[in-house]
Amino acid sequence: MTLLPSGWIAEARQVVSPNCNERPQRGVDLLVVHNISLPPYQYGGDDVEKLFTNCLDPSGHPFYESLRELRVSAHFFVRRDGELVQFVPVGRRAWHAGVSSWRGRDGCNDFSVGVEMEGCDFEPFSDAQYRTLIALARCLMRDQPLAGMTGHEDIAPNRKTDPGPWFDWERVRRAVGLPG
């Protein structure tokens, strides 16, 4: 993979999200892994893209009414088949972590890259997803001072549970070499 000077990954499909802004500082040193599926526990549709671009129809599923006012994004979304979708350039702040803290630093959106894995807390992720995530992390490490990789559950405990117990941290850490 190649990180372009614009902050976009050359190999990613771009879907531009308005849910981002300028970072208060340059560079990122944390990669945050999440999971998401819309509707919950269903894969393959375009509703995650619609959510991150503020185009999700609240009447499309009973769960969506709870998302009506939500304005969120992530830098990346890794589909079950390994496809990489990018919503926000790496140099901009995506709105993925919310109230969060890592190593005593609050506001993880300011200094992190958010990667959403298509999935849920209750089943394993695919080999294709791990291959894409590992390639992405290695690419980012070439250009960003990444010092760690952690889950949303670790930076927002008691509030978030993703990527969940099925995420294979050992596999990813062994391949990438980033601590939690």
Side-chain angles (χ1 to χ4, degrees), residues 1 3-9 12 14-38 40 47-56 66-78 84-121 125 129 132-134 136-165 167 169 172-173 176-180:
M1 287 190 190
L3 178 61
L4 302 172
S6 61
W8 295 95
I9 296 289
Q14 295 179 16
V15 177
V16 178
S17 173
N19 302 331
C20 63
N21 57 0
E22 295 301 318
R23 292 183 187 275
Q25 60 195 36
R26 299 278 303 156
V28 298
D29 59 5
L30 178 63
L31 192 151
V32 178
V33 180
H34 305 262
N35 77 45
I36 190 169
S37 58
L38 292 175
D47 287 353
V48 171
E49 293 178 22
K50 288 178 181 177
L51 175 67
F52 290 170
T53 57
N54 304 332
C55 296
L56 186 65
S66 69
L67 306 176
R68 179 184 289 276
E69 302 299 322
L70 194 62
R71 297 295 177 257
V72 294
S73 62
H75 292 89
F76 301 98
F77 178 49
V78 182
L84 182 64
V85 182
Q86 186 172 2
F87 296 94
V88 175
V90 171
R92 292 183 58 85
R93 176 172 45 194
W95 304 342
H96 62 94
V99 177
S100 54
S101 180
W102 183 68
R103 296 183 181 172
R105 294 166 61 199
D106 293 336
C108 293
N109 285 340
D110 292 350
F111 55 88
S112 68
V113 169
V115 180
E116 293 277 1
M117 303 287 281
E118 187 174 32
C120 67
D121 290 3
F125 296 90
Q129 287 180 290
T132 298
L133 177 62
I134 290 165
L136 175 62
R138 288 175 175 165
C139 173
L140 293 172
M141 289 172 62
R142 289 192 297 269
D143 292 293
Q144 300 294 314
L146 291 182
M149 177 174 50
T150 194
H152 200 189
E153 62 198 349
D154 299 314
I155 62 170
N158 302 318
R159 188 173 70 83
K160 294 296 180 176
T161 60
D162 57 312
F167 187 79
W169 284 108
V172 177
R173 290 194 197 292
V176 175
L178 284 174

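Residue numbers count from 1 along this sequence. Source: prediction; values computed, not measured.
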Who pairs with [X] by side-chain contact (heavy atoms from CB on, under 4.5 Å), at least two apart in sequence or on another chain?
| X | result |
| --- | --- |
| S6 | L4, W8 |
| R142 | C139 |
| V72 | L51, F52, L70 |
| S112 | L30, V32, H96, C108 |

Out of curiosity, [X] [atom1] to [Y] [atom2], how far, rounded to the nearest 0.5 Å?
| X | Y | atom1 | atom2 | value |
| --- | --- | --- | --- | --- |
| I134 | R173 | CD1 | CZ | 12.0 Å |
| S100 | D110 | OG | CG | 8.5 Å |
| Q144 | L3 | CD | CG | 6.5 Å |
| T150 | L178 | OG1 | CG | 11.0 Å |

Using modelled atom types only, decide if a donor and an acceptor are shared between the side chain of Q129 and the backbone of V78 within a distance under 3.5 Å.
yes

Check whether any side-chain N or O of R138 sits under 3.5 Å from a backbone N or O of L133 as a donor-acceptor pair, and report yes or no.
no

If we only count heavy atoms from C-beta on, is the [X] to [Y] side-chain gap below 4.5 Å?
| X | Y | answer |
| --- | --- | --- |
| K160 | I155 | no |
| E118 | V48 | no |
| N54 | R71 | yes |
| L140 | V113 | yes |
| L67 | L38 | yes |
| V88 | F76 | no |
| L84 | M1 | yes |

Which atom pair, heavy atoms only, marks the closest approach of [X] to [Y]?
| X | Y | value |
| --- | --- | --- |
| R159 | V99 | NH2-O, 2.8 Å |
| V33 | M149 | CG2-CG, 4.2 Å |
| V90 | Q86 | N-NE2, 3.9 Å |
| L146 | A137 | CD1-O, 4.3 Å |
| S17 | S73 | OG-CB, 3.4 Å |
| T53 | V16 | CG2-O, 3.5 Å |

Salt bridge (Lys or Arg N to Asp or Glu O under 4.0 Å) contacts touching residues 148-157 (sequence neighbours left out)
none

Which residues satisfy the side-chain hydrogen bond (donor to acceptor under 3.5 Å, both in side chains) test with [X], sequence neighbours excluded?
| X | answer |
| --- | --- |
| D162 | H34, H152 |
| N21 | R93, W95 |
| E22 | R92 |
| T161 | D121 |

For residues 100-121, which residue pairs pass the ring-ring contact (aromatic ring centres under 6.0 Å, His included) check, not counting sequence neighbours?
none

Evaluate side-chain contact (heavy atoms from CB on, under 4.5 Å) for I36 paired with F77, printing each intermediate quantity in order.
CA-CA 9 Å; I36 190 169; F77 178 49; 3.7 Å; yes

So, using ring pair (Phe, Tyr, Trp, His ring centres under 6.0 Å) as the criterion, who are the partners of F125 when residues are at least two apart?
F167

Taken in chain and number order and not counting sequence neighbours, the residues that satisfy salt bridge (charged side-chain N to carboxylate O under 4.0 Å, His left out) with R105 are D29

